[in-house]
Amino acid sequence: MSALPHADLVAPECRTPVLHVDMDAFYASVAVRDDPALAQVPVVVGGGGRGVVLSANYLARSRGVTSAMPMTRARRLCPDAVVLAPDFDLYAQVSAAVLENFREVTGVVEMVSVDEAFLDVSGSARQWGSPRRIAEWLRSRIHDEQRITCSVGIAPSPTLAKIASRRAKPDGVFTVDPDEILEFLHPLDVGELWGVGEKTRTLLHRLGLRTVGQVARTPLPTLHRALGAAVGTHLYELAHGVDRRVVVAKSGPHAPEASVGADHTFEHDVIDASVTERELLRLSAKVATRMRAGGVAGRTVTIRVRFSDFTTITRSRTVSEPTDVTLEIHRTAVALLRQLGLQRARVRLVGVRVSGLVPRSRVQTQMELGQREQGWSDAERAVDAAARRFGSAVVGPASLLAR
DNA sequence: TCTGGGGTCCTAGGACCC
DNA sequence: TCTGGGGTCCTAGGACCC
């Protein structure tokens with residue numbers, strides 16, 4: 001009898017092929033595509049003074065630059081790199097075009113982020129042939145139309161396909177066959193598994209568990225004690241080749257979100273509370289505008305404060321009625337901030353997040369009961385419309401203007 | 001080296017209700 | 001009078017992903 005609960009439901013050899021398509025150095029590749037002069041130099045896409053590397057081309061990577069590295073370090077490692085600010089609107093356009101290519105092959109496409117997707121191609125064989133042929137067709141199609149390269153992992157489950165696409169990089173295809181799953185998996189470092197980050201990897205290494213195979217040979221209760229029930233079970237199953245994840249076709253652009261938030265790292269640490277509170281207003285406006293655009297309202301406001309030593313705290317408050325009003329979100333955020341009683345603390349980052357979201361249509365009646373709030377919601381909606389017509393520079397909370 | 005901004009999910013404790 | 005357990009909601013923190 002298998003030690004795996006419900007293993008029969010997810011036996012890997014029963015599963016249909018999944019493709020994981022991952023753009024190679026996506027942001028940097030788009031930049032190089034649009035400026036061929038960049039092709040022969042290291043390119044780093046990233047934020048300003050205190051930002052991190054968002055993307056680096058392979059020339060920059062050969063010099064040691066990696067994703068998420070502080071920009072200061074990247075510049076030191078690679079002083080001759082061309083440093084570019086990200087252009088997220090452009091990436092979204094390319095991403096949408098690539099999504100159309102995916103949809104030509106199968107209706108079951110799950111975009112995991114702007115530059116990667118899972119494709120369930122189990123229904124595509126008759127028309128398109130083997131997963132390998134589909135992968136090659138997609139790669140050439142994307143290369144012809146978008147002039148960027150991607151890599152594809154093919155495997156019997158999403159998590160394995162994800163690991164496989166990393167093996168395929170750059171500009172390649174890597175397949176894990178159903179009958180060689182464990183041979184593929186067990187020699188890998190535990191850090192290769194999706195869901196094992198730096199902390200968990202270090203913890204497992206300290207326990208003497210360096211490879212996926214060693215995790216597979218560890219009793220489940222031991223993993224539970226070390227990692228908690230959820231992570232322990234998840235890793236145990238993955239190590240045995242069992243992957244409960246399935247490809248979920250996202251139904252249009254209206255995927256329900258659990259929260260909307262924004263945060264900001266100051267260029268220099270801030271001591272003056274009035275500066276922090278004004279930033280909370282700007283972030284509240286950003287969040288509320290996105291909520292109204294998405295047609296949602298929320299009840300729980302959470303602020304985040306990160307200090308100069310990088311310690312980070314959160315404080316939250318749940319109010320009785322969902323809101324999408326800037327001034328209400330800001331009022332709650334400021335109350336939470338003041339409750340902290342920060343004296344001369346050096347604040348590096350502040351953030352605002354609203355969760356407990358419900359469709360605005362469902363709270364309409366309650367909002368009308370509070371006439372004042374309803375008035376604000378309508379007024380801000382009018383501001384949204386003006387901003388769309390004339391640009392966001394012309395309207396905004398008074399205390400954000402003329403600074 | 002000195003660490004962004006957008007999210008998700010899990011855990012654990014306490015309040016409260018039945 | 002004292003002792004229960006379960007369910008749900010809220011809060012805070014932490015890990016992880018891209």
Side-chain angles (χ1 to χ4, degrees), chain A residues 20 22-23 25-27 44-55 64-78 85-86 88 91-92 95 110-118 158-159 162-163 165-166 190-204 224-235 244-245 248 255-267 269 279 283 286-287 290 294 299-320 332 336 339-340 348-357:
Chain A
H20 181 256
D22 200 341
M23 303 300 134
F26 184 50
Y27 299 175
V44 177
V45 179
R50 291 173 125 179
V52 299
V53 174
L54 299 172
S55 179
V65 177
T66 61
S67 201
M69 169 185 287
M71 285 298 291
T72 48
R73 180 161 184 228
R75 288 175 195 271
R76 220 174 352 255
L77 282 170
C78 198
F88 295 109
Y91 309 144
S95 185
E110 179 179 351
M111 288 299 289
V112 201
S113 72
V114 73
D115 70 338
E116 59 178 296
F118 290 113
T159 304
K162 168 99 183 158
I163 298 172
S165 74
R166 215 175 315 162
V190 287
E192 300 259 342
L193 294 178
W194 217 18
V196 177
E198 197 47 51
K199 305 277 181 179
T200 304
R201 179 173 181 266
T202 303
L203 196 156
L204 289 170
H224 279 181
R225 275 195 303 277
L227 304 166
V231 174
T233 300
H234 180 238
L235 288 195
R244 293 176 185 278
R245 196 186 165 106
V248 181
E257 281 161 330
S259 68
V260 176
D263 48 42
H264 178 71
T265 298
F266 296 112
E267 212 49 53
D269 294 346
E279 182 59 27
L283 295 169
K286 193 173 175 182
V287 167
R290 294 214 315 252
R299 286 176 59 216
T300 302
V301 176
T302 303
I303 66 163
R304 203 150 77 100
V305 180
R306 174 170 292 155
F307 301 100
S308 53
D309 66 355
F310 223 70
T311 57
T312 307
I313 60 172
T314 63
R315 291 293 181 274
S316 65
R317 176 178 297 176
T318 301
V319 297
S320 56
T332 305
L336 288 166
Q339 264 179 19
L340 290 174
R348 179 189 177 92
L349 166 150
V350 285
V352 179
R353 179 165 297 276
V354 179
S355 55
L357 303 186

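Worth knowing before you read on, the calculation uses all heavy atoms, side chains too, and leaves out hydrogens, waters and symmetry mates.
- Along DNA chain C, the nucleotide closest to A:Thr318 and the one closest to A:Gly197 are compared, and the more 5′ of them pairs with A:Thr318.
- Among the protein residues, A:Gly195 comes within range of the sugar-phosphate backbone only, with heavy atoms under 4.0 Å from sugar or phosphate atoms but none that close to a base.
- In this structure, A:Lys286 atom NZ and B:dG4 atom C1' are separated by 11 Å, rounded to whole Å.
- Proximity of residues 302-314 of chain A to DNA chain C (heavy atom under 4.0 angstrom from any strand atom) is restricted to A:Ile313, A:Thr314.
- Within 4.0 Å of A:Ser67, counting heavy atoms only, lies no atom of the nucleic acid at all.
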Fill in: Sugar-phosphate or base contact per nucleotide [nucleotides 7-17 of chain B; S, B, -; heavy atom under 4.0 Å]
BS-SS------
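- Between A:Arg306 and A:Asp269 there is no salt bridge, since no side-chain nitrogen of the basic residue lies less than 4.0 Å from a carboxylate oxygen of the acidic one.
- Here B:dC18 sits opposite C:dG5 as a Watson-Crick or G-U wobble pair (both hydrogen-bonding atom distances under 3.5 Å).
- Residues A:Thr302 and A:Arg315 form no side-chain contact, since every pair of their non-hydrogen atoms from C-beta on lies 4.5 Å or further apart.
- Atom-to-atom distance recorded for A:Leu193:CG and A:Leu204:CG is 9.0 Å, nearest 0.5 angstrom.
- What you find for A:Val260 and A:Arg290 is that their closest heavy atoms are CG1-NH2, 3.5 Å.
- Taking the C1' atoms as reference points, B:dC16 lies 16 Å from C:dG4, given to the whole Å.
- Atoms CZ (A:Phe88) and P (C:dC18) sit 16 Å apart, rounded to a whole Å.
- A salt bridge does not link A:Glu267 with A:Arg348: none of the charged nitrogens is closer than 4.0 Å to a carboxylate oxygen.
- A heavy-atom distance below 4.5 Å is not found between the side chains of A:Val53 and A:Val45.
- Between the C1' atom of C:dC18 and the CH2 atom of A:Trp194 lies a distance of 9 Å, rounded to the nearest Å.
- Distance A:Asp115 CG to B:dG6 P: 18 Å, rounded to the nearest Å.
- In this structure, CE of A:Met69 is placed 12 Å from P of B:dT1, rounded to the nearest angstrom.
- Nucleic acid contact for A:Val114: none, since no nucleic acid atom lies under 4.0 Å from a heavy atom of the residue.
- Using modelled atom types, no side-chain atom of A:Glu110 and backbone atom of A:Phe118 make a donor-acceptor pair closer than 3.5 Å.
- The separation between A:Leu54 atom CG and B:dG6 atom C1' is 11 Å, rounded to whole Å.
- Residues A:Arg73 and A:Val53 each lie close to DNA chain B; by heavy-atom proximity, the contact nearer the 5' end of the strand is made by A:Arg73.
- Side-chain contact between A:Glu192 and A:Arg166 is present, with heavy atoms from C-beta onward closer than 4.5 Å.
- Between A:Leu227 and A:His234 there is no side-chain heavy-atom pair separated by less than 4.5 Å.
- Summarising the geometry, the separation between CG on A:Asp269 and C1' on B:dT3 is reported as 12 Å, rounded to the nearest angstrom.
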